[in-house]
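Residue numbers begin at 1 in each chain, while the letters A, B, ... track the order of the sequences. All values below were derived from every heavy atom in this structure, side-chain atoms included, with hydrogens, water molecules and symmetry-related copies excluded.
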Amino acid sequence: MENADIAKIFEEIADLLEIKNDNPFRVRSYRNAALIIGGFPESMRSIVERDEKELENIKGIGKSIHEKIVEIVKTGKCQFHDELLKELPPGLLELLEVSGIGPKKVQLLYEKLGIQSVDELENAAKKGKLRDLPHMGEKTEEKILKAIQELKSRKGRFRLSLALAYAEPLVAYLKKIPGVIQVEPAGSLRRWKDTIGDVDILVTCKKDAPVMDRFVKYPDVKEIIAKGDTKSTAILKSGLQVDVRVLDEKSFGAALQYFTGSKAHNIAIRDRAKKMGLKISEYGVFEEKTGKKVAGENEEDVYKAVGLPWIPPELRENMGEVEAAERGKLPRLVEINDIKGDLHVHSSESDGIHTLEEMVSYAMQKKYEYIAITEHSKAVGVAHGLDDERALKQIKAIDKINIQLKGFKILKGTEVDIKADGSLDHSEEVLRQLDVVVGAIHSKFNMTVDEMTDRIIKAMSTGLINIIAHPTGRIVGVREPYPVDMPKIIEAAKKYGVMLELNSYPERLDLNDSHCRLAKEIGVMVAISTDSHNRLHLDYIRYGIHTARRGWLEKDDVLNTRPLKEVLKILKRE
DNA sequence: GCCGTTTTCGGCCCGACTGTTTTCAGTCG
Ligand SMILES: Nc1nc2c(ncn2[C@H]2C[C@H](O)[C@@H](COP(=O)(O)OP(=O)(O)OP(=O)(O)O)O2)c(=O)[nH]1
Ligand SMILES: [Mg+2]
Ligand SMILES: [Mg+2]
Ligand SMILES: [Zn+2]
């Protein structure tokens, strides 16, 4: 039982309770717990094994949910969940996936028509059986049929980079509408989450600007879900959903604060306002008694009105940022301009596209002081990995080029394969001649957690490795992380003086946000690298930076914010 | 079910859009 499985159980408990018309705040508690556990950096299993009392320290997890986590970890089951599933058929859960269908309709459909699955719902709608139910008519049937089609072709959450690629031209299109003043991506895009459920765009404009009419005519729109004066929703041909919110420029700050979220952050901020006698909505901050508007034009004022400094969007997950802001303890997050070099770069010598010289010239354009050339080793055959001999040749070649470079240095490196037994795919003799050794797992993923964790720790214990690359091996939306105990890895990294990579490839973003935060807590430095295989990949650094910011990292927590001299000192192995 | 600048009970964010309704419930952001 991994965290994702436990989160799913609580999510289902929330859904089932909601269908049963249970207390909505109880429902929220389960849903909130699912959110917390799903994003937690350490597995519930290892917390329970070490000391289950630690669960009590997690905000949002109380006695009841605590007990259920322990039960699930120990027995693999949750009795309460099982009982709910005896009362209600499991098919009701899939009905909730149909957009427009919520708990009340599910209950109604089940009780009046015995509908227990999406297929049954589709049949009933086609036969016109739904229109007899209260609050439903012919239009509802049509809408449900459309929503079922949409569900069947739904692809799940989009990679951040892909969602951005769809959002950018739409933003440009909206900016050209007459009367439009500002167009800002908001939601999870502005928070730089690794995956995006839908794109949220905030627009401010002069009165009567035809924003919504033009939005729904955007050539890439496939279907209009809703269209109102201030809020519309459409689905693009790619299947990506877009929400556009339009407000007056006087509300820009409050609207951006609202639409950036996260939902949990908004609730926390609004709750705080309420306790101060204020009310926050997307229109502004208002005094509860008089209704007088006290903020709204810009975001900073909204936070100021509730006694807080402005909080960077990447932190707005209600994971301690409100408390930190209150105590003046917000981190000074790392910025893209802090980056002085890139420590994971390939050239055409292994599986890169561009030559070493081409990579260097682009890095110099970016005003970097250094990059490390880190080719694969021979075990990664598909990538033309280097054996010792080729590695030695490359060392000599780099030495030669370095002589001619001014104000820039190529670090001699490798992305050495960590073999199944934890040994490294180059000789110690070669590894000792390199400036930086990046170690990574590339095959044999089907190990137990303990085996995989030991494998990586063994590699770290050789004293030959500086950095572990893409430490969990996940591919966003494609491959789960291999089983590995990250807290143990991070502790071992601390012990052996090894650093961890945040791989900036948008398909990887590995370490992820919560692991970055754990690394900082434990005191392990993170290297934000791009793993570039062509020169434009060097620009992927921005994904890494924003993910690091989501993990609360500051400049000093990041290895490659340091100038060349310092980095070389840190990379020196005993 | 959770939690504590109204602390161990009582409150838990606030508003838009739709389809049905004749005054609003449901769903969603
Ligand atoms: N106050 C408040 N704001 C909400 C609520 N639901 C959503 N929002 C705000 C905050 C969200 O970040 C923003 C956009 O909503 P989305 O459902 O698109 O969520 P978000 O973009 O955060 O994540 P996503 O990747 O789309 O799943 O709207 C809510 O229930 N209350
Ligand atoms: Mg969104
Ligand atoms: Mg949205
Ligand atoms: Zn690589």
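For residues 144-176 of chain A, the set of pairs meeting the ring pair (Phe, Tyr, Trp, His ring centres under 6.0 Å) definition, not counting sequence neighbours, comprises A:Tyr173-A:Tyr218. Residue pairs satisfying the side-chain hydrogen bond (donor to acceptor under 3.5 Å, both in side chains) criterion with at least one member in residues 84-97 of chain A, sequence neighbours excluded, are listed as follows: A:Lys20-A:Glu87.
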Sequence-aligned protein contact record of nucleotides 21-29 of chain B, with B where the base is within under 4.0 Å of a protein heavy atom and S where only the sugar-phosphate is:
----SSSSB

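In this view, A:Asp194 and A:Arg474 satisfy the salt bridge (charged side-chain N to carboxylate O under 4.0 Å, His left out) rule, not counting sequence neighbours. With sequence neighbours excluded, no residue satisfies ring-ring contact (aromatic ring centres under 6.0 Å, His included) with A:His515. Under the ring-ring contact (aromatic ring centres under 6.0 Å, His included) criterion, A:Tyr505 pairs with A:His537, A:Tyr540, sequence neighbours left out.
Residues from residues 61-92 of chain A placing a heavy atom under 4.0 Å of any atom in DNA chain B, listed by number, are A:Ile61, A:Gly62, A:Lys63, A:Ser64, A:Ile65. For the segment residues 118-130 of chain A, no residue has any heavy atom less than 4.0 angstrom from an atom of DNA chain B. Contacts of residues 205-217 of chain A with DNA chain B (heavy atom under 4.0 Å): none.
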Show which side-chain atoms of residues 10-17 of chain A pair as donor or acceptor with protein atoms under 3.5 Å away, not counting sequence neighbours.
{"residue": "A:Glu11", "atom": "OE2", "partner": "A:Arg31", "partner atom": "NE", "Å": "3.2"}
{"residue": "A:Glu12", "atom": "OE1", "partner": "A:His81", "partner atom": "NE2", "Å": "2.8"}
{"residue": "A:Glu12", "atom": "OE2", "partner": "A:Lys8", "partner atom": "NZ", "Å": "3.3"}
{"residue": "A:Asp15", "atom": "OD1", "partner": "A:Arg31", "partner atom": "NH2", "Å": "2.6"}

Review item, side-chain donor-acceptor pairs of residues 202-214 of chain A, under 3.5 Å, at least two apart:
{"residue": "A:Thr204", "atom": "OG1", "partner": "A:Gln182", "partner atom": "N", "Å": "3.2"}
{"residue": "A:Asp213", "atom": "OD1", "partner": "A:Lys227", "partner atom": "NZ", "Å": "2.8"}

Using a cutoff of under 3.5 Å, can you pull out all pairs of nitrogen or oxygen atoms linking the protein to nucleotides 9-11 of chain B, with atom names and distances?
none

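Between A:Lys59 and A:Glu323, at least one side-chain N (NZ, or NE/NH1/NH2) sits under 4.0 Å from a carboxylate O, which counts as a salt bridge.
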